[in-house]
Amino acid sequence: MQVTAARPVTWFAVKRGFDLVVASLALLVLLPVLLGLVAAIVVESPANPVFKQRRLGLDGRPFWMFKLRTMVPDAERRRAEVEHLNEVKPPLFKARRDPRVTRVGRFLRASSLDELPQLVNVLRGDMSLVGPRPRLPQEFDLSDPVQFRRFTVKPGLAGLWQVSGRGSLNFEEALELDLRYIDNWSFRWDLELIFRTFLVVVARDGAY
C-alpha cells in the first residue's frame, strides 16, 4: 500500500531540504561528542558501539535505524528474560529497571544522546528530523488503514510524542499523536517541535 502521492511534492521538498541542512550541520558540530560516547561504550562493554534495528519507515517500508548501544551485546537474545518487567501496554515494551542496560547506557538514555546516530538516518533519507517515532514491525498491523496512515510520512528523530509523555505513552496515545501531526503539519510547527523536544531532552522528562 503506497499513499505518499496524496501529498504535494513541495511538502516533501521543503522537509527534505531542511533535514539535509540541519542534520549535516548537527553531525559536524556533534562529531567530537559522538566519538567520545563511542569510546565510553567500548571501554565498558567491548563490542560494536552502534546498535541497528529494523524499523518501519515511509509507506511501511523497513529500514535499519541506528542508535548508540545502551545494552549488553546479547540483549536481543535475552528479551524473554525481561518481558515481566514491561511497564506499558503491549505491543510496546518499556522497562525502567531493565538489567540489560549498561551504566553508560543509562546515561545515554536519560540524556537521549543514544539517538544521535539517527542523524545519519536523516541524511540517508530513512527519517526526517521531525515526524512520528519509528516503530518496530511487530507493533503495527499494516492492513489497518488507520494504523497505516502514520506511514504516509517519514518517521522522525523528534516529534509530538517527545513533548507529550515520551516513554509513558501507550500504543493508542502514541498513534493518536502521530496522526495529529500528520494532519496538521506545517514548517513552523516542525521548528516549534524541535525547540520543545530540545527542552524536554535537557530536562530528561519521560526518558527510559
Side-chain angles (χ1 to χ4, degrees), residues 15-16 19-20 22-83 85-86 88 90-95 98-140 142 150-151 153-159 161-162 166-167 169 171 174 178 197 201 207-208:
K15 279 187 73 73
R16 184 58 180 154
D19 287 345
L20 286 173
V22 176
S24 298
L25 292 174
L27 269 178
L28 184 63
V29 171
L30 295 171
L31 184 58
V33 175
L34 191 55
L35 292 176
L37 294 175
V38 164
I41 293 169
V42 173
V43 167
E44 180 184 12
S45 177
N48 191 341
V50 177
F51 173 74
K52 66 177 185 178
Q53 190 175 51
R54 280 288 190 186
R55 299 293 178 109
L56 296 179
L58 187 65
D59 290 326
R61 294 191 298 266
F63 70 97
W64 289 111
M65 188 187 78
F66 305 124
K67 299 181 71 172
L68 290 177
R69 181 170 57 82
T70 60
M71 291 186 174
V72 293
D74 62 345
E76 290 290 284
R77 294 194 297 272
R78 293 173 54 187
R79 172 68 180 267
E81 300 176 15
V82 297
E83 288 289 351
L85 299 175
N86 192 15
V88 295
L92 305 183
F93 178 86
K94 294 286 183 180
D98 193 327
R100 300 173 300 166
V101 180
T102 64
R103 286 177 297 176
V104 172
R106 294 192 187 283
F107 165 76
L108 293 175
R109 289 186 173 198
S111 61
S112 296
L113 290 172
D114 59 320
E115 311 284 356
L116 286 181
Q118 286 161 43
L119 289 169
V120 175
N121 284 120
V122 174
L123 291 179
R124 285 161 51 107
D126 302 322
M127 295 174 60
S128 180
L129 288 170
V130 184
R133 185 66 184 148
R135 292 294 188 183
L136 296 166
Q138 62 266 29
E139 293 176 346
F140 281 88
L142 297 183
R150 79 182 301 281
F151 301 107
V153 301
K154 291 179 182 179
L157 178 57
W161 68 278
Q162 276 191 317
R166 300 181 75 186
L169 298 175
F171 178 85
D178 290 339
T197 299
V201 168
Y208 273 61

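Everything numeric here is computed off the predicted structure, so don't read it as measured data.
By the 30° and 60° cut-offs, the orientation of the rings of F171 relative to F140 is tilted.
The two residues R69 and P46 come nearest to each other via the heavy atoms NH2-C, 4.3 Å. R100 and E76 make their closest contact through NH1-N, 4.5 Å (heavy atoms, listed as atom of the first residue, atom of the second, distance). Closest approach of N121 to M65, counting heavy atoms only: OD1-CA, 3.6 Å. The two atoms that bring T102 and M71 nearest to each other are CG2-C, 3.8 Å, heavy atoms only. Across all non-hydrogen atoms, the minimal contact from K154 to P132 is O-CD, 3.5 Å. Nearest heavy atom pair, residue F151 against residue G60, reads CB-N, 3.5 Å.
Put simply, the side chain of S111 gets close to the backbone of L108: a donor and an acceptor are under 3.5 Å apart. At least one donor-acceptor pair closer than 3.5 Å links the side chain of K15 to the backbone N or O of V130. No donor-acceptor pair under 3.5 Å is formed between the side chain of E115 and the backbone N or O of S112.
Exactly one of V42, L37, V43 qualifies for a side chain to side chain contact (heavy atoms under 4.5 Å, CB included) with P49. That residue is V42.
With rounding to the nearest 0.5 angstrom, the CG atom of L34 is 5.5 Å from the CG atom of L68. Rounded to the nearest 0.5 Å, atoms NZ (K67) and CG (D114) are 4.5 Å apart. To the nearest 0.5 Å, the span separating CG on L129 from CG on L119 amounts to 7.0 Å. For the atom pair CG (L136) and CG (L56), the distance works out to 8.0 Å, reported to the nearest 0.5 Å. Here the CH2 atom belonging to W161 is positioned 7.0 Å from the CZ atom belonging to R135, to the nearest 0.5 angstrom.
You'll find the side chain of S45 stays beyond 4.5 Å of the side chain of V104, heavy atoms only. Using a 4.5 Å heavy-atom cutoff, the side chains of L58 and F63 are not in contact.
Stacking of R55 on the aromatic ring of W64 is not recorded, the 6.0 Å distance cut-off and the 45° axial limit not both being met.
Crowding of R103 atom CZ: a count of heavy atoms from other residues, nucleotides or ligands under 6.0 Å not exceeding 12.
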